[in-house]
Amino acid sequence: MGIVVLTGAGISAESGIATFRDANGLWAEHRVEDVATPDGYERNPLLVLDFYNKRRRELKSVKPNPAHLALAKLEQGRDDVLVVTQNVDNLHEQAGTKSLIHMHGELNKIRCTECETVFDCYDDITLASKCEKCGTEGTLRPHIVWFGEMPFMMDEISYALHSCELFISIGTSGNVYPAAGFVQSARSAGAHTVELNLEPSLGASMFKEKVHGKAGEVVPVYVNKILSGELEF
């Protein structure tokens, strides 16, 4: 895998999707422990389902920004690009990215806790919703990796990181593991490492190259450098 791109909340924030740190929005109304942990779901599944129903509805009105579109363009211009996102929105898909791993899950998917089947979901789910496969009622949960749970497809991500030539981190804070450790894995493989972020992340010193600014501005410029051959790695 020649290029591995990690994207975080910063790239979607420019499309209007709230992050953990926003003073306003859905996250400000709830404690993370109540809506983003297995214990929170067990205590009050109705609250959790409602929270993610609202976030799912939000996706119907947001659009990819120039950074998402630039990454789709990068993939179209090369056959060795993998985008790994911490985001649970569908903005990369809307932009046209195909080679994509949602390590923290997807808002537009649900999972049955009884039979573990994963389904596409674009509408609200309730405690009365039934699993399409096993027919059990009240067992559907968001297909989201909550705090305390293992991110998805870590073996595939690890393989890509240890075989890449260029690692780009976009819009990440650098304080959420295991994603915060990806730059170290890429460095150990001899990859050129780049941070494209609004401001230096907590792990900025680990990157060989750093470009700070809005993702919608710096990502298209960097992608054009790659596609034009101006950047060697």
Side-chain angles (χ1 to χ4, degrees), residues 6-65 67-69 71-72 83-97 100-113 116-132 137-153 170-173 175-179 198 215-216:
L6 171 68
T7 64
I11 192 172
S12 292
E14 291 183 32
S15 289
I17 292 182
T19 70
F20 276 114
R21 295 164 185 79
D22 282 345
N24 301 307
L26 290 173
W27 286 111
E29 300 171 7
H30 302 283
R31 297 191 316 150
V32 170
E33 296 83 355
D34 291 335
V35 295
T37 65
D39 287 344
Y41 178 70
E42 186 174 338
R43 284 194 308 270
N44 193 341
L46 184 60
L47 173 67
V48 174
L49 293 180
D50 182 61
F51 176 78
Y52 287 96
N53 285 339
K54 290 178 180 177
R55 296 192 70 197
R56 194 177 301 111
R57 288 183 218 131
E58 182 185 34
L59 296 186
K60 297 178 180 180
S61 61
V62 295
K63 300 296 181 184
N65 61 59
H68 296 102
L69 297 172
L71 292 179
V83 175
V84 179
T85 186
Q86 297 172 277
N87 301 330
V88 296
D89 58 64
N90 63 349
L91 293 177
H92 283 301
E93 288 91 337
Q94 286 191 49
T97 294
L100 177 67
I101 292 177
H102 278 275
M103 63 179 293
H104 290 162
E106 302 176 59
L107 279 173
N108 283 335
K109 292 186 184 296
I110 55 173
R111 183 169 78 247
C112 176
T113 57
E116 292 300 317
T117 303
V118 178
F119 304 94
D120 290 337
C121 178
Y122 302 97
D123 299 306
D124 292 359
I125 55 174
T126 70
L127 293 177
S129 299
K130 293 183 179 181
C131 174
E132 296 177 15
E137 182 178 298
T139 58
L140 299 178
R141 58 158 280 182
H143 189 52
I144 300 292
V145 176
W146 288 328
F147 288 93
E149 296 180 327
M150 180 63 67
F152 298 136
M153 300 182 69
I170 303 170
T172 64
S173 63
N175 64 355
V176 177
Y177 281 85
L198 184 61

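Just so you know, residue 1 is the first one in the sequence shown, and it goes up from there.
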Practice prompt. Indicate yes or no: at least one non-hydrogen side-chain atom of His68 is less than 4.5 angstrom from one of Ser12.
Written response: yes
Worksheet item: When you measure from the side chain of Asn44 to the backbone N and O of Leu47, does any donor-acceptor pair fall under 3.5 Å?
Response: yes
Worksheet item: Taking atom types as modelled and ignoring hydrogens, do the side chains of Thr139 and Thr113 form a donor-acceptor contact shorter than 3.5 angstrom?
Response: no
Worksheet item: Donor-acceptor pair, His143 side chain versus Glu106 backbone, under 3.5 Å?
Response: no
Worksheet entry | Beyond-backbone contact of Thr85 with Met103, side-chain heavy atoms, under 4.5 angstrom | no
Fill in: Result of checking Asn90, Val88, Ile110 against Arg56 for side-chain contact (heavy atoms from CB on, under 4.5 Å)
Ile110
Worksheet item: Judged by atom type as modelled, is there a donor-acceptor pair below 3.5 Å linking the side chain of Asp34 to the main-chain atoms of Gly40?
Response: no
Discussion item. Under 4.0 Å between a side-chain nitrogen and a carboxylate oxygen: does that hold for Asp123 and Lys60?
Written reply: yes
Worksheet entry | Exercise: identify the closest heavy-atom pair between Ser129 and Leu140 | CB-CD1, 3.8 Å
Worksheet item: Quick check: does any side chain N or O of Thr126 sit under 3.5 Å from a backbone N or O of Ala128, one acting as donor and the other as acceptor?
Response: yes
Worksheet item: Looking at the rings of His102 and Phe152, which for Trp means the six-membered one, are their centres under 6.0 Å apart?
Response: no
Worksheet item: Judged by atom type as modelled, is there a donor-acceptor pair below 3.5 Å linking the side chain of Lys54 to the main-chain atoms of Leu49?
Response: no
Worksheet item: Angle class for the Tyr52/Trp146 ring planes (parallel below 30°, perpendicular above 60°, tilted otherwise)?
Response: tilted
Worksheet item: Are any of the side-chain heavy atoms of Gln86 and Leu6 separated by less than 4.5 Å?
Response: yes
Worksheet item: Is any side-chain heavy atom of Ile144 closer than 4.5 Å to a side-chain heavy atom of His104?
Response: no
Worksheet item: Below 4.5 Å, heavy atoms only, C-beta onward: do Asn108 and Leu59 meet side chain to side chain?
Response: yes
Fill in: Flag, side chain of Glu14 to backbone of Ala215, donor-acceptor distance under 3.5 Å
yes
Discussion item. Tell me whether Ser15 contacts the main-chain N or O of Val62 through its side chain, where contact means a donor paired with an acceptor under 3.5 Å.
Written reply: no
Item to complete: Write out all pairs satisfying salt bridge (charged side-chain N to carboxylate O under 4.0 Å, His left out) with one or both partners inside residues 138-153, taking only residues at least two apart or from two chains.
Response: Arg141-Glu149
Worksheet item: Heavy-atom distance under 4.5 Å between the side chains of Leu71 and His92, does that happen here?
Response: yes
Item to complete: Let me see the working for Thr37 and Asp39 under side chain to side chain donor-acceptor pair (under 3.5 Å), right down to the final yes or no.
Response: CA-CA 5 Å; Thr37 65; Asp39 287 344; 5.6 Å; no
